Amino acid sequence: MNKKVLIPVIIVALLIIAIITGAFIIINGQSKNTPEEVLSTFVEYINQGNYEEMYNLISEEAKSKISKEDFITRNENIYEGIDMKNMKLEIKSVEEESNTISNILYGIKMDTSCGEIEFSYTVKLTKNDEKEYKINWVSNMIFPDLNDDDKIKVKQTQATRGSIVDRNGNLLAGEGKVSAVGFVPGKMGENKEEDIKAVALLLDVSEESITNELNKSYVKDDTFVQIKKIAYDNQELKTSLLQIPGIKISTSNDRVYPLGEAAAHLTGYIHSITAEELEGNSNKGYNANSKIGTTGLEKQYEDRLKGTNGIEIYIENSNGEKTKTIAKKEVQDGENIKLTIDANLQKQVYEQTKDNKGFFVIMNPETGEILSLVSTPSYNPNDFILGMSNTKWNSIQNDEAKPMYNRYLQTWIPGSTFKPITGAIGLTSGKLSETDEFYYEGLSWQKDSSWGSYEVTTLTPYNGNKNLRNAIVYSDNIYFAQAALQIGRDTFTEGLDKLGFNEDIGFTLSTAKSQYANDKIDSEIQLADSGYGQGEILVNPIHMASIYSAFLNDGNMIKPYLEYKENAQTEYLKENVFTKEAANTMKEYLLEVVERPDGTGHKLQMDNVRLAGKTGTAELKQSKDDTERKTLGWFNCFTVDSSNPMLIISMVEDGNINGGSRYLIQKIRTLF
């Protein structure tokens, strides 16, 4: 093709492209500048919080009445103040008033802190010189009854957090009196620095923090500058503080835990909500000033305890008068929760054991009601409410005794307290009988030379027959090692599966699962050791209470529970785990442990109550060659034919130092 022909072709092509592009721009521009599209875009910007672009969509007439800065501030304050989310637009009708004016009737739905709000409104849009529709914006577009001089107010009514009480109505966690300590600057003495130093020492706060509070801009001579809250009944501390010039102590209400350390692991405590927690609970009515349960029942029952704050969104005129309520949600106080716990028993157990590392679980074996749960050592949950210094927090965190560690929720090596379980499995399966006897001499034994140097050892020599009765009474490790081998691995583990090993027992507080092996019982030695509660056997104490209850309930395990029920019906966690005959046989033998003068638990025998029980010493060996022999001391017991039925599972660490089972027997005697 020659050049003369080519040039006109190029020109025509360019013209076609220009025409098509122009048409596209015109069509596209028209589609994006209909009144409906402009209003839809405006609502999209509201959802995005893009208030500057919203301002670009309003008419010049509207802009003459409100500056860009004021428009942005007004919209931002209102929409964010009511926590607006998910605004939805419904265009109901469009009326063309003229070629340049359109009226749109639309509906709005939006989620707010007070629930869903919806309204209808008619807005006018006008076409400007550039043929673009703009919104004749007025404050009524935010809410129909909102005038330009009005404000949107949000009023919150704080819900009262529910209380946790014991079975008799005694407060375990709830609202109570605390004392607020502070300075009144105008009444301070001449030696201010010395006084600040003295108060800092008494309250365990820094001198710098007190000085910073006193130097804040709002502080006047007669201002009460709060430094710290203290326990209302700490009279000794109050007396010392009031000796210092300028100190004032006032009374207020706050969350309190009357039992303090005695029930700390049970109740847990609350704290100011973190940003992460606030984000994770975004639809549950929390705000930046909320408190939330951190541990224990405060956390477990959080949804029921916290309540729902009341909230009202309303219009206030320039005179400060409420003119219209837009939305209102009534306050709902938190639920009060009554437990099966006996506060007096809880305190008594704690006072008896507070100086040691261990736990007590006390349950009514006929109903499953948990009467006491104590883990020691403990901490004071009130310290988290009143304000804990970094020094105290670090001392708790660095304490080798782990005062914040909840021991009754964990699993532990049960030692000889496991022997009745092995015996009951053997009797139930028919693999073991009351008349079966094993033969061995001395205090150590091994099956054969295939065990190498490993031997099972026992502590108490006795002259009687090596049968099940005597093995329970004298706590014979060798008997139960041989019994486990005779029962066999499959029958033994099947029996434990029936008891709920490797299962969640469904308790109110999350407990670790009991286990009979890290993976599986894979050797004769491990099976033998498991028979007397060693090997890789680990049991949760609350689960253990349920298992032991089967000895009193014809082979059925009572379901433990914490929340009080009127006229509660007996509920089983597991049924027929042992035969009735096997359960009653073990109950009889456990009575003999206490009642026979040569029984390992005879020191527990008392005239006023009949008790059955089992001692236990669990070795904490890091390996078979470990010679330090750190031990756990156990004692499990229950009343028989008593008007006050009680089943106790107890353990103390460092049993080789404090006496283990003997120590626990002394403490249990005081409970009766």
Side-chain angles (χ1 to χ4, degrees), residues 164-167 265-266 296-297 299-301 304 337-342 345-346 359-375 406-412 414 417-418 420-421 424-425 428 494-516 538-580 582-584 586-587 590 612 614 636-640 642 644-651:
I164 302 174
V165 300
D166 86 333
R167 63 189 302 110
H265 296 95
L266 177 64
L297 295 178
K299 181 177 182 180
Q300 183 65 34
Y301 288 134
R304 293 168 60 186
I337 295 174
K338 185 177 183 179
L339 303 181
T340 57
I341 294 292
D342 183 321
L345 181 62
Q346 184 82 9
F359 60 73
F360 263 73
V361 174
I362 304 181
M363 182 181 78
N364 181 327
E366 296 178 1
T367 65
E369 294 171 293
I370 295 292
L371 304 174
S372 177
L373 288 174
V374 172
S375 176
N406 191 335
R407 287 167 163 82
Y408 56 73
L409 295 183
Q410 313 308 319
T411 54
W412 304 85
T417 60
F418 195 77
I421 299 172
I425 290 173
T428 297
E494 285 170 9
L496 294 177
D497 287 336
K498 284 175 63 178
L499 295 172
F501 275 69
N502 303 311
E503 289 182 22
D504 185 341
I505 64 170
F507 190 62
T508 303
L509 295 168
S510 181
T511 61
K513 296 177 184 179
S514 299
Q515 67 164 58
Y516 47 77
L538 295 173
V539 184
N540 171 263
I542 298 170
H543 186 202
M544 179 75 93
S546 181
I547 295 171
Y548 261 61
S549 75
F551 301 138
L552 286 162
N553 290 288
D554 296 333
N556 300 305
M557 290 167 55
I558 284 287
K559 183 177 176 61
Y561 68 94
L562 255 180
E563 191 169 346
Y564 188 82
K565 306 172 188 174
E566 293 288 350
N567 304 315
Q569 300 298 310
T570 299
E571 185 178 353
Y572 294 123
L573 179 66
K574 301 281 184 179
E575 296 186 58
N576 302 314
V577 294
F578 308 133
T579 62
K580 179 179 179 180
N584 289 329
M586 295 317 303
K587 178 174 70 174
L590 292 171
K614 184 70 192 77
N636 299 347
C637 64
F638 49 82
T639 57
V640 177
S642 173
N644 183 28
M646 195 179 292
L647 188 156
I648 301 171
I649 306 296
S650 60
M651 186 276 286

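Everything numeric here is computed off the predicted structure, so don't read it as measured data.
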Please report the interatomic distance [atom1]([X]) to [atom2]([Y]), rounded to the nearest 0.5 Å.
X: F578; Y: I547; atom1: CZ; atom2: CD1; answer: 7.0 Å
X: L373; Y: F360; atom1: CG; atom2: CZ; answer: 12.5 Å
X: E369; Y: I558; atom1: CD; atom2: CD1; answer: 10.0 Å
X: K580; Y: N556; atom1: NZ; atom2: CG; answer: 10.5 Å
X: L339; Y: Q346; atom1: CG; atom2: CD; answer: 9.5 Å
X: Y561; Y: S546; atom1: OH; atom2: OG; answer: 13.0 Å

Please work out whether the ring planes of F551 and F638 are parallel, tilted or perpendicular, with thresholds of 30° and 60°.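 Answer is tilted, since the angle falls between 30° and 60°.
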In terms of relative ring orientation, are F501 and Y516 parallel, tilted or perpendicular, with 30° and 60° separating the classes?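 Ring orientation, 0 to 90° scale: tilted.
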Do the side chain of [X] and the main chain of [Y] share a donor and acceptor less than 3.5 angstrom apart?
X: E503; Y: K513; result: no
X: Q300; Y: T508; result: yes
X: N553; Y: P365; result: yes

Test side chain to side chain contact (heavy atoms under 4.5 Å, CB included) on E366 and L552 and set out the steps. CA-CA 8 Å; E366 296 178 1; L552 286 162; over 6 Å; no
Please say whether more than 12 non-hydrogen atoms of neighbouring residues, nucleotides or ligands are located less than 6.0 Å from NZ in K299.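 At most 12 heavy atoms, drawn from other residues, nucleotides or ligands, come within 6.0 Å of this atom.
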How close do [X] and [Y] get, heavy atom to heavy atom, and via which atoms?
X: H265; Y: Y408; answer: C-OH, 3.5 Å
X: M544; Y: I421; answer: SD-CD1, 3.9 Å
X: A545; Y: M363; answer: O-CE, 3.5 Å
X: T428; Y: V577; answer: CG2-O, 4.1 Å
X: I505; Y: K559; answer: O-NZ, 3.7 Å
X: N540; Y: A512; answer: CB-O, 3.5 Å

pair [X]-[Y]: side-chain heavy atoms closer than 4.5 Å:
X: T417; Y: I649; answer: no
X: I362; Y: L647; answer: no
X: L371; Y: R167; answer: yes
X: T511; Y: H543; answer: no
X: F507; Y: P560; answer: yes
X: L297; Y: L562; answer: yes
X: M557; Y: K498; answer: no
X: I425; Y: L496; answer: yes

Stepwise side chain to side chain contact (heavy atoms under 4.5 Å, CB included) check, Q410 with F359: CA-CA 10 Å; Q410 313 308 319; F359 60 73; over 6 Å; no
